[in-house]
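Input: a single structure, listed below in structure tokens.
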Amino acid sequence: MNPKHADLAEQFIADEPRTNWHDETLWFVREKRDKAAHGLPEWEQLREWASQIKNHTLSNLSNYLKDFEEKAKANGIIVHWAADGEEHNQIVHGIIRKHNIKKIVKSKSMLTEECHLNEYLSHQGIEVVDTDLGERIVQFRKEPPSHIVLPAIHLTKKQVSETFHEYLNTEEGNFDPQYLTEAARQHLRNKFIESELAITGVNFAIAETGGFVVCTNEGNADMGAHTAAVHIACMGFEKIIPKAEHLAVFLRLLARSATGQPITTYSSHFHKPRPNQEMHIVIVDNGRSRQLGRTDFRNSLKCIRCAACFNTCPVYRRSGGHSYHTAVAGPIGSILNPNLDMKANADLPFASTLCGSCTNVCPVKIDIHEQLWKWRQIIVSEGLVTSSKKIGMKGMAFVFSKPKVYRLVGSMARWTMQKFPFVASNKWNSWYQQREMPEVPKQSFREWYLENKNK
């Protein structure tokens with residue numbers, strides 16, 4: 001049986017200090033995003049432009065993908081198309097085999113996480129070294145990333161220190177971030193120098209030029225791509241944008257939304273392989289065409305993977321990324337993953353308060369909370385919720401649709417909870433287990449209003 005968000009979240013919140021720290025840290029990032037956004041008078045105009053550019057691109061996707069392929073090939077890039085994650089992995093494996101490559105470095109790529117590339121290559125006896133600091137930490141620990149921008153945000157300095165002591169032989173008990181980062185730097189330096197093949201993600205691919213842009217704060221994508229004889233860039237087809245000038249919009253939005261920075265430290269442009277280098281780009285569908293065809297969900301493909309919706313989401317902040325049991329967690333992942341496997345991910349659209357904060361911060365104006373609500377309708381109609389939830393929802397629909405019944409049930413519930421509080425405050429009530437029950441009001445709002453409206 002697949003793990004469910006509620007069960008995995010329960011495991012995460014069992015460590016209350018960590019839960020509080022995780023919540024506060026991500027809210028701090030959200031506050032940095034707000035300051036960066038408020039520093040630009042044209043912020044809302046940039047969001048609108050980005051949304052319109054993406055809407056236009058999705059409506060003309062086949063043309064722009066053809067243009068990109070044509071220009072990229074003219075630049076000397078070898079272009080591959082993959083229908084799904086399995087084909088993506090086979091293409092990458094084929095390139096590795098062709099060159100008999102043994103040493104591979106990879107920068108952050110959520111697409112390769114989505115396709116489980118590391119796991120696939122490991123089964124073929126091939127090791128891939130993740131070079132993003134957070135990714136390397138979770139790779140040592142044999143964990144998936146818990147956040148698409150901050151992969152190791154769920155770990156404390158103490159846990160990172162213990163991990164580095166085990167794998168890098170660092171000084172036991174030294175939690176100093178600068179010391180730990182330097183240890184990782186020394187460890188990865190030889191990996192870069194010795195690498196024969198570098199794998200990177202793609203933040204933006206430009207149809208006009210056939211080039212692509214990779215954004216990092218550590219420069220690890222550049223270190224890999226500039227030293228290896230073979231460079232493979234992996235991208236979902238939604239990363240395409242029409243013109244180079246559109247980067248001026250997206251690069252101003254991306255880092256501000258993700259971490260509150262004006263721009264990523266490195267925004268690296270790749271247009272053609274250097275002399276004696278081989279450059280490949282693998283363009284992947286993996287359910288994106290199906291999502292594009294869903295009228296209610298197509299604009300989820302506008303996502304630029306900034307994770308602003310993660311940092312603001314009260315559920316994600318207090319349940320951790322691993323509770324979503326998928327490569328892309330948080331609110332946007334809860335929209336994208338049911339498209340890939342509705343049954344396995346039927347729980348995710350319900351892991352939300354529908355407060356709308358995710359939609360408010362999205363730099364490309366994806367209506368995230370509305371899409372979560374729409375997924376709930378589909379999942380219920382497909383019978384992919386528990387019997388207790390179905391019965392409960394039908395019961396609520398009946399009560400809420402009949403005012404007299406609603407008032408009667410409300411009155412009975414107040415009286416019962418006043419006289420017999422243990423009916424609600426007991427260990428069998430899952431709602432009570434996670435919350436403090438409010439004081440029972442003496443009257444309903446309607447009763448209070450009728451008494452006071454003429455005063």
Side-chain angles (χ1 to χ4, degrees), residues 92 95-96 99-110 112-113 117-118 121-122 125-145 147-153 155-203 212-234 255 259 261 263-270 273-280:
V92 173
I95 298 168
I96 294 168
H99 295 277
N100 194 29
I101 285 169
K102 303 296 181 186
K103 296 183 178 180
I104 304 169
V105 293
K106 180 164 72 72
S107 68
K108 188 187 295 176
S109 163
M110 291 316 299
T112 60
E113 292 289 342
L117 177 65
N118 284 16
L121 292 178
S122 177
I126 299 168
E127 181 190 11
V128 178
V129 175
D130 278 306
T131 58
D132 174 89
L133 178 57
E135 294 272 357
R136 190 59 174 152
I137 292 167
V138 296
Q139 187 179 37
F140 277 142
R141 296 171 62 89
K142 298 177 176 57
E143 296 176 354
H147 189 286
I148 58 178
V149 172
L150 311 167
I153 191 65
L155 299 172
T156 63
K157 288 184 290 185
K158 181 176 184 293
Q159 289 172 304
V160 174
S161 176
E162 291 168 350
T163 301
F164 277 19
H165 175 66
E166 180 180 354
Y167 290 95
L168 300 181
N169 199 31
T170 54
E171 182 181 317
E172 187 173 8
N174 191 331
F175 309 149
D176 178 50
Q178 185 171 345
Y179 168 75
L180 296 172
T181 303
E182 180 63 22
R185 181 184 178 199
Q186 297 298 331
H187 158 67
L188 289 170
R189 180 171 294 172
N190 285 338
K191 303 292 185 184
F192 285 122
I193 293 171
E194 296 170 357
S195 68
E196 303 163 283
L197 184 146
I199 301 172
T200 70
V202 172
N203 289 92
F212 57 93
V213 176
V214 180
C215 301
T216 70
N217 275 327
E218 299 170 22
N220 55 311
D222 303 71
M223 289 282 286
H226 294 331
T227 56
V230 182
H231 175 191
I232 305 176
C234 305
T259 57
Q261 298 169 254
I263 195 168
T264 48
T265 307
Y266 300 90
S267 299
S268 305
H269 299 243
F270 296 91
R274 68 175 187 275
N276 301 316
Q277 186 190 44
E278 192 171 289
M279 183 179 287
H280 299 257

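FYI, the numbering just counts along the sequence from 1.
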Approximate separation, where rounding is to 0.5 Å, of [X] [atom1] and [Y] [atom2]:
| X | Y | atom1 | atom2 | answer |
| --- | --- | --- | --- | --- |
| Lys103 | Ile101 | NZ | CD1 | 12.5 Å |
| Thr112 | Leu121 | OG1 | CG | 9.5 Å |
| Phe175 | Gln159 | CZ | CD | 10.5 Å |
| Thr131 | Ile104 | OG1 | CD1 | 12.5 Å |
| Leu133 | Ile137 | CG | CD1 | 4.0 Å |
| Thr163 | Arg136 | OG1 | CZ | 11.5 Å |

*For the pair Thr265 and Thr216, evaluate side-chain contact (heavy atoms from CB on, under 4.5 Å) and give the outcome as yes or no after the intermediate values.*
CA-CA 6 Å; Thr265 307; Thr216 70; over 6 Å; no
Quick one: closest heavy-atom pair of [X] and [Y], and the distance?
| X | Y | answer |
| --- | --- | --- |
| Thr170 | His165 | O-ND1, 2.7 Å |
| Asn203 | Cys215 | OD1-N, 2.7 Å |
| Pro151 | Gly134 | CB-C, 3.9 Å |

Just by distance, do the side chain of [X] and the backbone of [Y] share a donor-acceptor pair under 3.5 Å?
| X | Y | result |
| --- | --- | --- |
| Thr181 | Pro177 | yes |
| Ser195 | Ala198 | no |
| Gln277 | Ala225 | yes |
| Thr264 | Tyr266 | yes |
| Ser161 | Lys157 | no |
| Tyr179 | Glu171 | yes |
| His147 | Val149 | yes |

Any side-chain donor near an acceptor of the partner, [X] and [Y], under 3.5 Å:
| X | Y | result |
| --- | --- | --- |
| Asp130 | Asn220 | no |
| Gln261 | Thr259 | yes |
| Gln186 | Glu182 | yes |
| Asn100 | Glu196 | no |
| Thr200 | Lys106 | no |
| Ser107 | Asp132 | no |

Side chains of [X] and [Y]: closer than 4.5 Å at any heavy-atom pair?
| X | Y | value |
| --- | --- | --- |
| Val128 | Leu117 | no |
| His99 | Glu278 | yes |
| Ile96 | Leu197 | yes |

_Apply salt bridge (Lys or Arg N to Asp or Glu O under 4.0 Å) to residues Glu135 and Lys108 and explain how you reach the verdict._
CA-CA 7 Å; Glu135 294 272 357; Lys108 188 187 295 176; 5.6 Å; no
*Under the ring-ring contact (aromatic ring centres under 6.0 Å, His included) test, which residues partner Phe270, sequence neighbours left out?*
Phe212, His226, His231
*Show the numbers, then the answer: is there a side-chain contact (heavy atoms from CB on, under 4.5 Å) between Glu218 and Met223?*
CA-CA 9 Å; Glu218 299 170 22; Met223 289 282 286; over 6 Å; no
_Is there a side-chain contact (heavy atoms from CB on, under 4.5 Å) between Ile199 and Cys234? Walk through the geometry before answering._
CA-CA 7 Å; Ile199 301 172; Cys234 305; 4.0 Å; yes
*asked:* Below 30° counts as parallel, above 60° as perpendicular, anything between as tilted: where do the rings of Phe140 and Tyr167 land?
replied: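 Ring orientation of Phe140 relative to Tyr167: parallel.
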*For Glu172, does the CD atom have more than 12 heavy-atom neighbours from other residues, nucleotides or ligands under 6.0 Å away?*
no
_Heavy atoms from other residues, nucleotides or ligands near CZ of Arg185 exceed 12 (cutoff 6.0 Å)_ = no
*List in chain and number order the residues that pass side chain to side chain donor-acceptor pair (under 3.5 Å) with Ser268, two or more places apart in sequence or in another chain; answer none if no residue qualifies.*
Asp222
